[in-house]
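Mind looking over this structure? Questions follow.
None of the values given here were measured: they were computed from a predicted structure.
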Amino acid sequence: MVDKKKRSGGTLRHWRTTRRKIHDFIIFKFELDDIPLVDIKESFAEHFYDYLTVSVPESLAENTALKHVSKAKQILKRAKKKKLIKENPIGEFSCYCQDPEVEPLEIYEVDKIYRKSLPIQRLDQARDGFIFQCFTGFAFQDIRDLLTLDHIIHVGVNGERWLIKKRGKTDVFEMVPILPIIEELIKKYENHPCRILHTRLIPIFSNANYNGYLKEIAAICGINRELKTHLARHTFADIIINVLGMDLEDLMRMLGHKNIRTTQRYVKIRKIRISRNIGKTMKILFDKHGKLKPIKADYDRKVA
C-alpha cells in the first residue's frame with residue numbers, strides 16, 4: 001500500500017513497531033517465537049497491555065500502549081473477516097485513548113529560543129529546525145521527507161511565497177505562507193550542503209538526535225519543560241489562532257488535517273483572543289462612552 005501511495009511510510013513504521021512489540025510479548029509471556037491465532041484468548045489484550053506499561057524496562061505511556069493493543073485488535077478483526085478464526089478474542093477490550101492535552105509554548109518562550117546565541121553548530125541547527133516548525137506547523141516527518149525549494153510556490157497576483165506540500169500522514173496538502181522569520185532561515189542555509197547537495201531547505205537530524213538536542217536547548221534557554229518536535233506543531237496552531245487571530249478553518253488547511261475536529265484538538269482559545277474579538281465588536285452595541293446604542297425593531301434584519 002505504501003508502494004502504491006495509499007499509505008505513508010510513517011504508518012508502515014508504526015505497524016512494524018507494533019509487530020515487533022507483539023513478537024517480544026509472545027516470547028515474554030509464552031516462551032515461544034509465535035503462536036497460532038486460535039490459541040489467542042480474551043486475556044491476551046490485558047496481558048499485552050500490562051506488558052507494555054509495566055513489564056518492559058522502558059514502559060510505555062497508557063495511550064501509546066493502547067494504540068498497540070488497538071492494532072492487534074485490527075489484525076484479529078481482519079483474521080475473523082477472512083474466516084481464519086471464528087471470533088475476535090480481544091474484540092471487547094476497550095482501547096479508548098484520552099487525547100493528552102499539549103500545552104503550547106508561549107510566544108515569549110519561542111522568542112527566547114529564537115534569540116539565544118548557540119555557538120555549538122548542532123544546537124544552532126536544531127534550534128533553527130524547531131523555529132521553522134513553530135512558524136510553519138510542519139511535522140518532523142514532512143520536513144524530513146525532502147522539504148525542498150520545489151515546495152515553494154508563488155501564490156496570488158502579488159506572487160507571495162508559500163510552502164505547499166502533501167502531508168505524509170493524511171495525503172492532504174499543507175499550505176503555509178512563508179513568514180519573514182522563515183525567509184530568514186531559508187536564506188541562512190542557501191550555501192549549506194543540505195541545500196547544495198540535497199536541495200533541502202534546512203538541515204535535518206534523526207528524530208532521536210533532534211529531540212535530544214532540543215532538551216539541551218531548553219536547559220540553555222531556561223525553559224522548564226521538555227521540548228519535542230511535535231510541540232512545535234501545537235505552538236504553531238496557538239500562534240495562528242491566539243496571536244494572529246486567524247480562523248480555525250484556515251488553520252485546518254495549514255496543518256493538512258482532513259476534518260475540523262482534529263484541528264480543534266490542537267487549539268485552546270485563550271483570553272487574549274476573546275478580549276481582542278470583543279474589542280472589535282464592542283462598537284456594534286455601544287458608543288464611545290460605553291452607552292448602549294438605541295436599537296430599532298428591525299435591527300436583526302439590517303444586520304443580516
*In sequence, state the C-alpha distance, the side-chain angles, and the governing distance for V102 and R233, and then conclude on side-chain contact (heavy atoms from CB on, under 4.5 Å).*
CA-CA 10 Å; V102 179; R233 190 163 162 84; over 6 Å; no

*Taking atom types as modelled and ignoring hydrogens, do the side chains of Y114 and E184 form a donor-acceptor contact shorter than 3.5 angstrom?*
yes

*Measure the acute angle between the ring planes of H230 and Y266, then classify it against the limits of 30° and 60° as parallel, tilted or perpendicular.*
perpendicular

*Donor-acceptor side-chain pairing of T235 and D238 below 3.5 angstrom*: no

*Would you mind checking if R122 and E216 are paired as a salt bridge, meaning a charged N to carboxylate O distance below 4.0 Å?*
yes

*Side-chain heavy-atom pair H68, L60 within 4.5 angstrom cut-off*: yes

_Check this for me, if you would: do D124 and R127 make a salt bridge, where the nitrogen-to-carboxylate-oxygen distance has to be below 4.0 angstrom?_
yes

*For atom CZ of R16, decide whether the heavy atoms of other residues, nucleotides or ligands shown that lie under 6.0 angstrom number more than 12.*
no

*For D33 and H23, does a side-chain donor sit closer than 3.5 Å to a side-chain acceptor?*
yes

*Would you kindly confirm whether I131 and I107 end up in one hydrophobic cluster when ILVMFWY residues are joined by side chain heavy atoms under 4.5 Å apart?*
yes

*If every non-hydrogen atom of F130 is compared with every non-hydrogen atom of K228, which pair is closest and at what distance?*
CE1-O, 3.4 Å

*Among side-chain atoms of D128 and Y189, is any donor-acceptor pair under 3.5 angstrom?*
yes

